[in-house]
Amino acid sequence: MTQPRTFRGTRDFLPPELIGRRKIQEIIELTYRRYGFQPLETPAIEYFDVLTGKSDETDKLIYKLEHKGDALGLRYDLTVPLARVVAQHKQLPRPFKRYQIQPVWRADRPQPRQGRFREFVQCDADIIGTASLLADAEIIALTNEILAKLGFEGFIIRLSSRKLLRGMASLICGDEEKVFPLCRCIDKLDKIGWDGVQKELAECGFTDDVRAKVEKFCGLWDENLDWSAAEKVLQNVEIGLEGLKEVREVYERAIQLGVPPERLKPDLTLARGLDYYTGPIYETVLPDKPHIGSLSGGGRYDGLVATFSKENVPATGTTLGLDRIQTAMKELGIFTEVPSETDVLIAQFDEEGLPAVLALATKLRKADFNVEVWYESDRLKKQFTYADRQQIPFVIILGPDERAAGKVTVKSLATGEQKTIPEAELTALLDSAKG
RNA sequence: GUGGUUGUAGCUCAGUUGGUUAGAGCGUCUGACUGUGGCUCAGAAGGUCGGGGGUUCAAAUCCCCUCAGCCACCCCA
């Protein structure tokens, strides 16, 4: 006998959970389409060299496969495969706006409470082929719209720019490349406060002078950003000014696209993200649920396609973490489990009635109802109990009495109301309840 | 990758200083109730007490090893 079990960090989705999960996915997909994105799917398995080389950290987390001499791997995200697709299929339009909702795999340690798994679904929307910051703003507007539609209230979209962070590193340390260790420390501000950040900075070997400047510089971004003060500080650092300008433009365009200002926060302490980001970066967090990581994360990655092609193609986009979103919704009590999507159960009263029952089922299915037929002539109690447990709203009985009268009996399990009506009136009744 | 913690029925958990045949609630199934769900009552099925080894007359309980889950960090969706 084989032990039934699933691999660590992977899960089965039973119907009540999956139905609710799919409703989230539908809202995401619908919104992507509203903004003019087209669907794309790519293989789970890619050549290993396609997946690697984008970031040292992530390379370690790629599931490596080997088959008959081919070096392969499971995709780690959807952005790298997109870059590959764009480099490979030159006939794609520009701008190319694609969405992609598929699982990805990462070999890190799972933590369900944080919405973190080894197999999880990413919902990506990316815009390839324009350097316009309007594209970045659109991505932010779309993220806001989806999360609002899903019922989230306290989320914050943090906005920064890799260029700005580089400028800060240059200004403070005199070395642009210090941006990564510097940001990693600052990024923890929300969790550990300034005392903690100072300690981290010291551990990373930053001098007292640098540490004082960091705190002062980040202070400019407290609450309401003072753009002109920030500009003044950065006056001799070109890349920083450029970054500041792009953050400002993305911010203003996003507001024009309807993002509430309280939801969008320019934030220098945002440092996360893959190494391939080059311009504006953004992520969504729930300040009330700090243990759940970011719900979404994205940014501009103008250099990535060039790793597959001579062409240098500007690109920006985001990913929504379906599993993070679901985890957060569960914790906030706004995730609904649904045991069944069946609209109506047709009971089996007696075998003689089966021809009429089956004909009715076929008719209702053609009228777009989800219909189940009970398989045995069991006691009605059993059939009703099943419908009740599965939250099927209607049970239809077509017994000898109904057949003799040329009618059907339909009971609403929600209200308990029961009527015996001509079959012709049935679809109207079911429709009215379906809303 | 680092540190911590917990493993008893499908799920959530009791189980006394080691002591007969390991319990409950929920869920599943059956019946009370042969044309009607939710409530109630009665009953049934379901357990290598994570696995292996040790101590003991006796281990779910004590010791060792191991595996798995979970939590925090790291990193991220």
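Basis for what follows: all heavy atoms, side chains included, without hydrogens, waters or symmetry-related copies.
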With a non-hydrogen cut-off below 4.0 angstrom, is [X] in contact with a base, only sugar-phosphate, or nothing?
| X | result |
| --- | --- |
| A/R113 | sugar-phosphate |
| A/E119 | nothing |
| A/F117 | base |
| A/Q418 | base |
| A/P112 | sugar-phosphate |
| A/L295 | sugar-phosphate |

What integer distance in Å separates [X]:[atom1] from [N]:[atom2]?
| X | N | atom1 | atom2 | value |
| --- | --- | --- | --- | --- |
| A/Y386 | B/U36 | OH | C1' | 17 Å |
| A/I325 | B/A77 | CD1 | P | 13 Å |
| A/L380 | B/G35 | CG | P | 7 Å |
| A/I397 | B/G37 | CD1 | C1' | 11 Å |
| A/R118 | B/C76 | CZ | P | 18 Å |
| A/D108 | B/A72 | CG | P | 14 Å |
| A/D388 | B/C39 | CG | C1' | 11 Å |
| A/W105 | B/C76 | CH2 | C1' | 18 Å |

Just by distance, with hydrogens left out, do [X] and [Y] show a side-chain donor and acceptor under 3.5 Å apart?
| X | Y | answer |
| --- | --- | --- |
| A/D124 | A/T319 | yes |
| A/Q100 | A/R98 | yes |
| A/Y99 | A/D126 | no |
| A/Q348 | A/S377 | yes |
| A/Q38 | A/Y32 | no |

| Do we get A/R300 above A/Y277's six-membered ring, with its NZ or CZ under 6.0 Å from the centre and within 45° of the axis? |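 No, cation not above the ring by the 6.0 Å, 45° rule.
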
| query | A/F120 ring centre to A/R106 NZ or CZ under 6.0 Å, with the angle to the axis within 45°? | reply | no

| message | Generate the contact string for nucleotides 27-32 of chain B. Rules: B means base contact, S means sugar-phosphate contact only, - means no protein heavy atom under 4.0 Å. | response | -S-SSS

Is it the case that the base of [N] and the side chain of [X] share a donor-acceptor contact (distance under 3.5 Å, atom types as modelled)?
| X | N | result |
| --- | --- | --- |
| A/R324 | B/C76 | yes |
| A/E402 | B/G35 | yes |
| A/R109 | B/G3 | yes |
| A/R5 | B/A68 | no |

Would you measure the distance from the [atom1] atom in [N] across to the matching atom in [M] and give it in whole Å?
| N | M | atom1 | value |
| --- | --- | --- | --- |
| B/U8 | B/G25 | C1' | 15 Å |
| B/G69 | B/A58 | P | 35 Å |
| B/U21 | B/C64 | P | 28 Å |
| B/U56 | B/C13 | C1' | 30 Å |
| B/U16 | B/U28 | C1' | 32 Å |
| B/U61 | B/A9 | P | 15 Å |
| B/G23 | B/A14 | C1' | 7 Å |
| B/G51 | B/G4 | C1' | 22 Å |

| query | If you find the nucleotide of RNA chain B closest to A/F384 and the one closest to A/L61, which residue's nucleotide is nearer the 5' end? | reply | A/F384

| task | Select from A/L320 and A/K411 the residue whose nearest nucleotide in RNA chain B is closer to the 5' end of that strand. | result |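 Taking each residue's closest nucleotide, the earlier one in sequence belongs to A/K411.
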
| Shortest side-chain distance from A/T409, nucleotide among B/G37, B/G35, B/G1 | B/G35

| message | Side chain of A/R116, heavy atoms from C-beta onward: which of B/C74, B/C76, B/U36 has the nearest atom to it? | response |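 The closest nucleotide is B/C74.
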
| message | Using a 5.5 Å cut-off between ring centres and planes within 30 degrees, is A/F120 stacked on the base of B/A77? | response | yes

| query | OP1 or OP2 of B/A72 sitting under 4.0 Å from any side-chain N/O of A/Q111? | reply | yes

| said: I want to check one thing: is the phosphate of B/C73, taken as OP1 and OP2, less than 4.0 Å away from some side-chain N or O of A/Q114? | reply: yes

| query | Any idea which heavy atoms bring A/A87 and A/S309 closest together, and the distance? | reply | CB-CB, 3.7 Å

| message | Quick check: closest heavy atoms across A/K407 and A/L398, and the distance to 0.1 Å? | response |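 Looking at all heavy atoms of both residues, the closest pair is O-CD1, 3.5 Å.
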
| task | Taking atom NZ of A/K149 as the centre, report whether more than 12 heavy atoms of other residues, nucleotides or ligands fall under 6.0 Å from it. | result |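 Yes.
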
| task | Answer yes or no: does atom CD of A/E351 have more than 12 heavy-atom neighbours from other residues, nucleotides or ligands under 6.0 Å? | result |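 No, CD of A/E351 has 12 or fewer neighbouring heavy atoms, counting only those of other groups under 6.0 Å.
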
| request: Examine distances only and state if a side-chain atom of A/T318 and a backbone atom of A/G297 form a donor-acceptor pair shorter than 3.5 Å. | output: yes

| field | Watson-Crick or G-U pairs under 3.5 Å in RNA chain B, rendered as dot-bracket with [ ] for crossing pairs and | for another strand | value | (((((((..((((.....[...)))).(((((.......))))).....(((((..]....))))))))))))....

